[in-house]
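Written out below as structure tokens is the structure these notes cover.
Proteins get letters first, then strands, A, B, ... in listed order; numbering begins at 1 in each.
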Number of protein chains: 2
Amino acid sequence: MMELTRKGEYAIRGIIYLAQQPPGRVSLISEIAAAAEVPQTFLAKIFQSFAKLGLVTSSRGTGGGFVLARPASAITLREVVEAVEGPILPNRCLLGSACDRGGPCRVHAVWKQVQTEVVHILDGVTIDTLARNQDS
Amino acid sequence: MMELTRKGEYAIRGIIYLAQQPPGRVSLISEIAAAAEVPQTFLAKIFQSFAKLGLVTSSRGTGGGFVLARPASAITLREVVEAVEGPILPNRCLLGSACDRGGPCRVHAVWKQVQTEVVHILDGVTIDTLARNQDS
DNA sequence: ACCTTTAGGACCAATTTGATCCCCTTTATA
DNA sequence: TATAAAGGGGATCAAATTGGTCCTAAAGGT
């Protein structure tokens, strides 16, 4: 359980590639897709989400493409993952203060703790860090 | 992301009910399903998994049913969740020591950390604790 | 024998995931 | 002002997963 989907994997691979480019360099989606080994049309959707959330800046037309909207050191893994997978919510009952079957559910506090820990870990990792690791 | 499925929810609700019964008392699947408000046939499958993993003991025929195989204080939330949802693996690459695209993936260490933390939290919660919480 | 109760497999519908396609808009430049 | 080069966004679709039912078999009590 708790598996990241392909979408999440692709998102991470794609944005890491962007982070490895010289600052300000515009990358085509086709280029990113090829480098990250991800289906291009699928990655395009992912980068649309990034753009809407302000993680990357997109420009259209000739010479267009994608650039990081912020320094890679200011983009966290959590932002990237949540951009495509939605918020980190281990259990539905974290959505409200109470579960649907009456009072607060017994495991509520546990899931809350899991959520907090995971968010904390992912917030502590920036794309910059990931991009600088020895390449594969 | 990281959501527990219905199956996981049902599993927890069901085993908590069992834990709330007087020690040694045999419960019918129909009884558990009604109390936990879970589809009976679906819960039956879940309890089959529990039985195979030795979390509960099942007996057939008249007077048969389910009992906890161990004290509720010796059954962790992790065991219950993993029984029906599979192992806690935030990313596929935790399965092997390396990812499929060459060397160890950049985020590998992060997912490993997430896994370790989540497992640690869920290992620290027993069904007994959950069963004793004020009821809803 | 017969009834009760779980075991296990086959099966099925709904949802989610993973992707593709097509047309539209934007933009640079010939 | 064409025209080619991008990304934007919706529709669509197949595969996988989830959530759930049904039926028959096996086991155990009376």
Donor-acceptor pair, side chain of A:Glu85 and main chain of A:Leu4, under 3.5 angstrom: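 No.
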Do side-chain atoms of A:Arg13 reach the backbone of A:Ala36 as a donor and acceptor pair under 3.5 angstrom?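 Yes, A:Arg13 side chain to A:Ala36 backbone: donor-acceptor pair under 3.5 Å.
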Identify the 5'-most and 3'-most nucleotides of DNA chain C with at least one atom closer than 4.0 Å to a non-hydrogen atom of chain B.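 From 5' to 3', the first and last contacting nucleotides are C:dT4 to C:dG18.
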According to a 4.5 Å side-chain heavy-atom criterion applied to Ile, Leu, Val, Met, Phe, Trp and Tyr, with indirect links allowed, do [X] and [Y] form part of one hydrophobic cluster?
X        : Y        : answer
B:Leu55  : B:Val67  : no
B:Ile121 : B:Val119 : yes
B:Phe42  : B:Phe50  : yes

Need one value for A:Phe66: base, sugar-phosphate or nothing, where a base atom within 4.0 Å counts as base even if backbone is also close, heavy atoms only.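 It contacts sugar-phosphate atoms only.
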Determine the contact category for B:Ser59: base if any of its heavy atoms lies under 4.0 Å from a base atom, sugar-phosphate if only primed atoms, P, OP1 or OP2 are that close, otherwise nothing.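 The residue B:Ser59 makes sugar-phosphate contact but no base contact.
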Specify the separation, in whole Å, of atom CG of A:Leu18 and atom P of D:dG7.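 A:Leu18 atom CG is separated from D:dG7 atom P by 11 Å.
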Length of the CG-P vector between A:Leu55 and D:dG7, whole Å: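 My rounded result for the distance is 17 Å.
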Within the structure provided, determine whether B:Gln21 and B:Glu31 are in side-chain contact (heavy-atom separation under 4.5 Å).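 Heavy-atom side-chain distance check passes, below 4.5 Å.
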Which residue lies more 5' along DNA chain C, comparing A:Thr62 with B:Ala44 via nearest heavy atoms: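 Checking each residue's closest nucleotide, the 5'-ward one belongs to B:Ala44.
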Hey, could you give me the OG1/CD1 distance between B:Thr129 and B:Ile75, rounded to the nearest 0.5 Å?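 Taking OG1 in B:Thr129 and CD1 in B:Ile75, the distance rounds to 12.0 Å.
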Nearest 0.5 Å, please: how far is CD in A:Gln48 from CD1 in A:Ile46?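 Rounded to the nearest 0.5 Å, the CD1-CD separation comes out at 10.5 Å.
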Counting primed atoms, P, OP1 and OP2 as sugar-phosphate and everything else as base, the B/S/- map of nucleotides 11-25 of chain D against protein heavy atoms under 4.0 Å is --------SBBB---
